[in-house]
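These notes concern the structure reproduced below.
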Amino acid sequence: MAHTQHQTMRRVLRREIAGTIGLLTDEQDFTAMRRRYRTFTFDSHASYLQQVEALLRTLSSQGGHTTVALFDPEEYAEFCAEHGLEPDTPSSRTRFTAELAATGATVPYEGQPLEHLVPNLIDEAVRQATWEYATTLLSRIGTCASCGEDIGRVAFVRASELLVRILDASGPGERHLVCSVSTEPETLVAVLRADDDQHGTPHLDEAEALEFTTVLALGIATQSPGGLVMRAGTPDSTDRVYGWRLRGEGLEPLTAGGVFDAYCTDVESGDLVSPESGVDYCAPPDLGEEGPTTRHTH
């Protein structure tokens with residue numbers, strides 16, 4: 001009887017354990033793992049993905065909570081070298097996956113098909129990488145030569161204030177903001193979605209808001225070319241699209257024609273994108289009065 005009780009208690013405890021699966025999302029990474037490590041014994045990427053999805057469904061049916069992390073072979077090799085681990089062992093891969101659960105990009109498994117989960121996981125990884133890169137650049141700018149203030153910190157505060165003013169001026173409804181800043185070697189893009197709660201207060205994803213504010217702050221701190229585009233609307237109204245370009249430490253409103261050009265141009269390729277029907281491209285709302293800003297030098 002005691003043995004049966006112990007088994008039952010272990011099954012109950014198993015449901016209290018959260019797990020993480022490190023996923024190789026593309027075939028190139030999968031092939032790299034197969035070639036490097038003989039203990040990685042999966043036959044093909046397709047069958048590997050099928051087995052991962054079956055395992056996720058099983059764990060979910062047992063009441064477990066599982067997150068999926070992006071497993072990168074190059075980062076794994078660096079992790080093993082840094083910690084003195086033998087990379088060709090399942091235990092080392094498990095340890096790396098545990099590290100990913102704490103610091104890497106993850107997406108919770110909630111029963112969605114893997115074909116839907118994978119793009120979300122990749123988007124999350126890009127978002128995190130963008131934030132980390134922008135944060136690093138901000139931290140390297142240093143202090144203002146004239147006043148001694150930390151330029152990155154001041155720019156972040158400024159970006160936070162601008163974001164609050166934009167959301168306040170946009171009115172109720174669903175809002176979708178895109179911030180792009182031209183840096184070397186590539187343009188950084190951050191996306192933020194804002195929906196009102198039952199009290200009319202904008203609800204933001206904290207991670208998205210942090211990334212968005214950091215990218216905007218980088219544009220302000222480095223005086224880089226960039227801009228913001230907002231799409232706002234309610235279920236019973238036409239969506240409005242408007243925006244601003246970065247100018248010094250502030251925002252300069254785009255004309256209706258200017259926002260049309262910005263919204264209908266692909267950020268990455270520069271190619272034109274067909275405008276949507278039923279969308280009003282217009283000048284942005286007034287963001288209100290603001291105090292004088294200080295130009296920082298570095």
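Numbers for residues simply follow the sequence, beginning at 1. Bear in mind the structure is a predicted one, so any value in this text is a computation, not a measurement.
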Quiz item: Say you draw a straight line from CD of E124 to CD of E208; how long is it, rounded to the nearest 0.5 Å?
Solution: 8.5 Å
Self-check item: Flag, side chain of E149 to backbone of V154, donor-acceptor distance under 3.5 Å
Solution: no
Practice problem: Please test E74 against R36 for salt bridge (charged side-chain N to carboxylate O under 4.0 Å, His left out), starting from the C-alpha separation and ending with a verdict. | Solution: CA-CA 11 Å; E74 299 302 326; R36 295 176 188 176; 2.5 Å; yes
Quiz prompt | Side chain S60, main chain L56, donor-acceptor under 3.5 Å | solution = no
Quiz item: Between T39 and D88, is there a donor-acceptor pair closer than 3.5 Å when you use the side chain of the first and the backbone of the second?
Solution: yes
Practice problem: Measure from the ring center of F30 to the ring center of F71 and say whether it is less than 6.0 Å. | Solution: no
Quiz item: Is it true that the side chains of T213 and S160 contain a donor and an acceptor less than 3.5 Å apart?
Solution: no
Practice problem: Measure across V215 and A134 and return the closest heavy-atom pair with its distance rounded to 0.1 Å. | Solution: CG2-CB, 4.3 Å
Quiz item: Minimum heavy-atom separation for C282 to V259, with atom names?
Solution: O-CG1, 3.6 Å
Exercise. Can you measure from OG1 (T31) to CG (D26) and round to the nearest 0.5 angstrom?
Key: 8.5 Å
Quiz item: Is it the case that more than 12 heavy atoms not belonging to E27 sit under 6.0 Å from its CD atom?
Solution: no
Self-check item: Cluster link L210 to L163, ILVMFWY, side chain under 4.5 Å
Solution: no
Quiz prompt | R95 and H83, any side-chain heavy atoms less than 4.5 Å apart | solution = yes
Practice problem: Flag yes if more than 12 heavy atoms outside E252 fall under 6.0 Å of its CD atom; otherwise flag no. | Solution: yes
Practice problem: Give every residue pair that meets the salt bridge (Lys or Arg N to Asp or Glu O under 4.0 Å) criterion with at least one member in residues 45-60, sequence neighbours excluded. | Solution: E53-R57
Quiz item: When you check the side-chain N and O atoms of S47 and S44, is any donor under 3.5 Å from an acceptor?
Solution: yes
Quiz item: With under 30° as parallel and over 60° as perpendicular, where do the rings of Y242 and W244 fit, or are they tilted in between?
Solution: perpendicular
Practice problem: Verify the cluster assignment for F40 and L100: are they in a single hydrophobic cluster under the rule of side-chain heavy atoms below 4.5 Å apart? | Solution: yes
Quiz item: What do the steps show when you test T89 against S92 for side chain to side chain donor-acceptor pair (under 3.5 Å), and what is the final call?
Solution: CA-CA 5 Å; T89 63; S92 293; 2.9 Å; yes
Exercise. Report yes if some heavy atom in the side chain of Y37 is under 4.5 Å from a heavy atom in the side chain of R93; otherwise report no.
Key: yes
Quiz item: Any chain of hydrophobic side-chain contacts (each under 4.5 Å) joining L177 to V164?
Solution: no
Self-check item: Trace of the side chain to side chain donor-acceptor pair (under 3.5 Å) decision for T58 with S61
Solution: CA-CA 5 Å; T58 299; S61 68; 5.2 Å; no
Quiz item: For P73, does its backbone N or O pair with a side-chain atom of D29 as donor and acceptor, under 3.5 Å?
Solution: no
Practice problem: Measure from the side-chain N and O atoms of Q50 to the backbone N and O of Y48, and report whether any donor-acceptor pair falls under 3.5 Å. | Solution: no
Quiz item: Any idea how F96 and F79 line up, ring-wise: parallel (<30°), tilted (30 to 60°), or perpendicular (>60°)?
Solution: tilted
Practice problem: Grab the two heavy atoms, one from I141 and one from A221, that are nearest each other, plus how far apart they are. | Solution: CD1-CB, 3.6 Å
Quiz prompt | From R175 atom CZ to L204 atom CG, the distance as rounded to the nearest 0.5 Å | solution = 8.0 Å
Self-check item: Greater than 12 external heavy atoms within 6.0 Å of E86's CD
Solution: yes
Quiz item: Rounded to the nearest 0.5 Å, what separation is found between the NE2 atom of H116 and the CG atom of L121?
Solution: 14.5 Å
Quiz item: Would T187 and S180 satisfy side chain to side chain donor-acceptor pair (under 3.5 Å), going step by step from the backbone distance to the final call?
Solution: CA-CA 7 Å; T187 297; S180 62; over 6 Å; no
Quiz item: Can you check whether L216 reaches V181 side chain to side chain, under 4.5 Å on heavy atoms?
Solution: no
Practice problem: Decide whether L188 and F156 are clustered together by the hydrophobic rule: side chain heavy atoms of Ile, Leu, Val, Met, Phe, Trp, Tyr closer than 4.5 Å, transitively. | Solution: no
Exercise. Could you tell me whether a side-chain N or O of Y76 sits under 3.5 Å from a main-chain N or O of P87, the two making a donor and an acceptor?
Key: yes
Self-check item: From L228 atom CG to L162 atom CG, the distance as rounded to the nearest 0.5 Å
Solution: 8.5 Å
Exercise. Tell me, with the steps shown, if T222 and L137 meet side-chain contact (heavy atoms from CB on, under 4.5 Å).
Key: CA-CA 9 Å; T222 59; L137 293 182; over 6 Å; no
Quiz item: Is there side-chain contact between L49 and L23, with heavy atoms separated by less than 4.5 Å?
Solution: yes
Practice problem: Considering non-hydrogen atoms only, spot the tightest contact between H176 and V191 and give its length. | Solution: NE2-CG1, 3.4 Å
Quiz prompt | Chi angles and distances behind the side-chain contact (heavy atoms from CB on, under 4.5 Å) call for L251, R245 | solution = CA-CA 6 Å; L251 298 174; R245 66 168 53 87; over 6 Å; no
Quiz prompt | Worked verdict on R240 versus D280 for salt bridge (charged side-chain N to carboxylate O under 4.0 Å, His left out) | solution = CA-CA 5 Å; R240 294 169 291 114; D280 183 16; over 6 Å; no
Self-check item: Residue pair L70, T25: steps toward the side-chain contact (heavy atoms from CB on, under 4.5 Å) verdict
Solution: CA-CA 7 Å; L70 189 66; T25 58; 3.3 Å; yes
Practice problem: Please tell me if the side chains of M230 and P284 come closer than 4.5 Å, counting only heavy atoms from C-beta onward. | Solution: no
Quiz prompt | With Y133 via ring-ring contact (aromatic ring centres under 6.0 Å, His included) - residues at least two apart | solution = none
Quiz item: With distance as the sole test, does H45 use its side chain to make a donor-acceptor pair with the main-chain N or O of L24 at under 3.5 Å?
Solution: yes
Quiz prompt | Residue pair I21, T97: steps toward the side-chain contact (heavy atoms from CB on, under 4.5 Å) verdict | solution = CA-CA 7 Å; I21 292 178; T97 300; 5.8 Å; no
Exercise. Group every Ile, Leu, Val, Met, Phe, Trp and Tyr by side-chain heavy-atom contacts under 4.5 Å, then state whether L218 and I151 land in the same group.
Key: yes
Self-check item: Nearest-0.5 Å distance that lies between atom CZ in R231 and atom CG in D239
Solution: 4.0 Å
Quiz item: Which heavy atom of S139 sits nearest a heavy atom of T136, and at what distance?
Solution: OG-O, 2.7 Å
Exercise. Could you pull out the closest heavy-atom pair between I220 and R158, with the gap in Å?
Key: CD1-CG, 3.8 Å
